[in-house]
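Values in this document were obtained by computation on a predicted structure and should not be read as measured data.
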Amino acid sequence: MVSNGTSPLTPLAQEALDALASALPNEGELTYEQTYAILKKEEDLRRPAADDIVERLHNKGHLYEVEGKLRLTDYEAE
């Protein structure tokens, strides 16, 4: 997903975003622990690599935080 002229995600970051979107509960948000568990299970990422991916997704506007939980920005898993 490339939005508004921002640089594209690395393949690993895109795969991580897809994994998070696929696992997103009905509430539409994930705790950090859920996020790390998904990244470990689906992409074999452990901390600090998962922290780095979450930070990249946040900095590029794909994730945002509300009251300590993560939400995806305008992303629909297909």
Side-chain angles (χ1 to χ4, degrees):
M1 178 173 128
V2 178
S3 61
N4 299 331
T6 60
S7 61
L9 294 172
T10 63
L12 180 58
Q14 184 62 55
E15 290 171 10
L17 182 59
D18 292 343
L20 294 174
S22 296
L24 194 65
N26 291 336
E27 301 84 44
E29 59 188 21
L30 297 162
T31 65
Y32 277 91
E33 292 308 313
Q34 289 171 316
T35 300
Y36 295 134
I38 292 164
L39 294 178
K40 182 177 180 185
K41 179 182 177 193
E42 300 297 328
E43 301 301 322
D44 197 28
L45 291 175
R46 292 171 181 76
R47 286 179 162 155
D51 282 329
D52 182 54
I53 292 293
V54 169
E55 183 178 349
R56 285 185 198 184
L57 293 173
H58 182 269
N59 289 343
K60 290 189 176 272
H62 296 283
L63 291 178
Y64 64 101
E65 183 179 339
V66 176
E67 296 180 1
K69 294 186 179 180
L70 295 172
R71 296 182 184 176
L72 300 177
T73 305
D74 298 328
Y75 186 90
E76 294 182 25
E78 297 185 18

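Atom-to-atom distance recorded for Thr73:OG1 and Leu17:CG is 9.0 Å, nearest 0.5 angstrom. The CG atom of Leu9 lies 4.0 Å from the NE2 atom of His62; values are rounded to the nearest 0.5 Å. Taking CG from Leu24 and OG1 from Thr35, the interatomic distance works out to 9.0 Å, rounded to the nearest 0.5 Å.
Contacts of Asn26 classified as side-chain hydrogen bond (donor to acceptor under 3.5 Å, both in side chains), with partners at least two apart in sequence or in another chain: none. Checked against side-chain hydrogen bond (donor to acceptor under 3.5 Å, both in side chains), Thr10 has no partners two or more places apart in sequence or in another chain. Among residues two or more places apart in sequence or in another chain, the salt bridge (Lys or Arg N to Asp or Glu O under 4.0 Å) test is passed with Glu33 by Arg47. Arg71 meets the salt bridge (Lys or Arg N to Asp or Glu O under 4.0 Å) test with Glu29; sequence neighbours excluded. Glu65 meets the side-chain hydrogen bond (donor to acceptor under 3.5 Å, both in side chains) test with Tyr32; sequence neighbours excluded. The side-chain hydrogen bond (donor to acceptor under 3.5 Å, both in side chains) test applied to Glu42 returns no partner, not counting sequence neighbours. Residues that satisfy the side-chain contact (heavy atoms from CB on, under 4.5 Å) test with Pro11, not counting sequence neighbours, are absent from this structure.
By the criterion of side-chain heavy atoms lying less than 4.5 angstrom apart, applied directly or through intervening Ile, Leu, Val, Met, Phe, Trp or Tyr residues, Leu20 is not grouped with Tyr64; the two fall into different hydrophobic clusters.
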Output side-chain donor-acceptor pairs under 3.5 Å for residues 51-59, partner residues at least two apart or in another chain, one line each.
residue: Asp51; atom: OD1; partner: Tyr36; partner atom: OH; Å: 2.4
residue: Asp52; atom: OD2; partner: Arg56; partner atom: NE; Å: 3.1
residue: Asp52; atom: OD2; partner: Arg56; partner atom: NH2; Å: 2.9
residue: Asn59; atom: ND2; partner: Glu55; partner atom: O; Å: 3.4

